[in-house]
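Here is the structure we will look at, set down as structure tokens.
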Amino acid sequence: MKKNKKKNKKVKENNVIPFKQDSKSIERHKPEELKENEITRVNDHFKKNFEELEKFADEARLSSSDLWYRILFYAKQRHIHATSYADYKINDELSTKEVTGNFAEFTNKQFPELKITESDKKLH
């Protein structure tokens with residue numbers, strides 16, 4: 001007796017998953033772009049915070065010099081406790097140079113009459 005071939009054939013399933021089937025493209029950002037985006041986000045956040053601090057400073061009964069000294073003091077104090085001393089020292093020096101450089105550039109552009117030009121004349 002012959003067996004029916006159709007009944008005896010087992011259906012073989014293909015267990016291989018096709019490569020890139022329904023693949024989704026994942027947008028990869030460069031680390032530099034991520035850092036720049038985060039810097040922008042942090043800068044925007046602190047600009048808003050310091051606008052509020054400026055309003056608070058206007059309402060305070062201290063001189064603006066005293067008030068901004070205290071704000072700077074607490075910011076530096078938190079910074080030195082949150083990071084290593086080396087990081088604090090580097091950031092303190094670089095931020096001071098950057099802030100004073102920006103201020104000098106601003107005043108030179110806005111008030112060119114105050115700019116002191118250096119001459120090459122020597123006394124000896």
Side-chain angles (χ1 to χ4, degrees):
M1 232 180 171
K2 287 188 175 181
K3 292 184 179 178
N4 193 350
K5 288 185 178 181
K6 289 182 182 179
K7 290 181 183 178
N8 286 337
K9 281 189 175 178
K10 293 182 179 178
V11 178
K12 293 184 179 180
E13 292 183 17
N14 190 358
N15 291 335
V16 177
I17 299 172
F19 190 66
K20 292 187 177 181
Q21 181 182 14
D22 298 328
S23 66
K24 297 177 184 175
S25 62
I26 299 173
E27 192 172 322
R28 305 251 185 226
H29 296 286
K30 295 180 182 176
E32 298 86 19
E33 290 175 359
L34 293 174
K35 183 177 179 180
E36 288 299 320
N37 291 341
E38 191 63 15
I39 287 171
T40 302
R41 186 180 78 82
V42 169
N43 285 344
D44 291 342
H45 174 76
F46 283 113
K47 283 179 187 178
K48 289 177 187 175
N49 284 348
F50 274 89
E51 286 173 3
E52 291 176 18
L53 275 175
E54 193 169 1
K55 290 176 186 174
F56 177 80
D58 290 341
E59 296 170 359
R61 293 186 216 161
L62 289 174
S63 69
S64 65
S65 177
D66 285 341
L67 188 117
W68 284 105
Y69 170 81
R70 278 151 180 53
I71 292 170
L72 186 58
F73 173 83
Y74 285 110
K76 284 184 166 190
Q77 187 175 22
R78 294 293 296 199
H79 182 201
I80 201 167
H81 288 290
T83 61
S84 68
Y85 180 74
D87 284 341
Y88 169 78
K89 182 81 171 163
I90 291 167
N91 291 336
D92 185 40
E93 289 175 3
L94 291 178
S95 63
T96 300
K97 287 180 184 177
E98 187 175 0
V99 168
T100 54
N102 289 345
F103 183 73
E105 184 179 322
F106 170 77
T107 53
N108 287 338
K109 284 181 182 178
Q110 297 297 317
F111 311 105
E113 67 273 8
L114 297 178
K115 187 174 182 180
I116 299 173
T117 56
E118 295 181 21
S119 62
D120 292 334
K121 297 179 184 177
K122 295 183 180 179
L123 295 176
H124 44 76

Review point. When rounded to the nearest 0.5 angstrom, what is the spacing between CD in Glu54 and NZ in Lys47?
Key: 13.5 Å
**Study point:** Greater than 12 external heavy atoms within 6.0 Å of Glu33's CD
**Key:** yes
Considering only distance and modelled atom types, tabulate donor-acceptor pairs under 3.5 Å from the side chains of residues 68-76, sequence neighbours left out.
residue	atom	partner	partner atom	Å
Lys76	NZ	Asp92	OD1	3.0

Exercise for review: Taking side-chain hydrogen bond (donor to acceptor under 3.5 Å, both in side chains) as the test, write out the residues that go with Asn108, two or more places apart.
Suggested key: none
Review point. Counting only N and O atoms by type, is there a donor-acceptor contact under 3.5 Å from the side chain of Thr107 to the main-chain atoms of Ala104?
Key: yes
Exercise for review: Name all residues meeting the side-chain contact (heavy atoms from CB on, under 4.5 Å) criterion together with Lys89; count only those two or more places apart in sequence or in a different chain, and write none if there are none.
Suggested key: Tyr85, Glu93
Practice item. Not counting sequence neighbours, list each pair that qualifies as a salt bridge (charged side-chain N to carboxylate O under 4.0 Å, His left out) and has a residue in residues 56-67. Key: none
**Study point:** Lys/Arg-Asp/Glu bridge criterion (N-O < 4.0 Å) met for Lys35, Glu38
**Key:** no
Check your understanding: Who are the side-chain hydrogen bond (donor to acceptor under 3.5 Å, both in side chains) partners of Asn49, not counting sequence neighbours?
Key -> His45
Exercise for review: Test Glu98 against every option in Thr100, Leu94, Asn102 by the side-chain contact (heavy atoms from CB on, under 4.5 Å) rule and name the one that passes.
Suggested key: Asn102
Check your understanding: Would you say Ile90 and Tyr88 are hydrophobically clustered, going by side-chain heavy atoms of ILVMFWY under 4.5 Å?
Key -> no
**Study point:** Non-neighbouring partners of His81 that pass side-chain hydrogen bond (donor to acceptor under 3.5 Å, both in side chains), sequence neighbours left out
**Key:** none
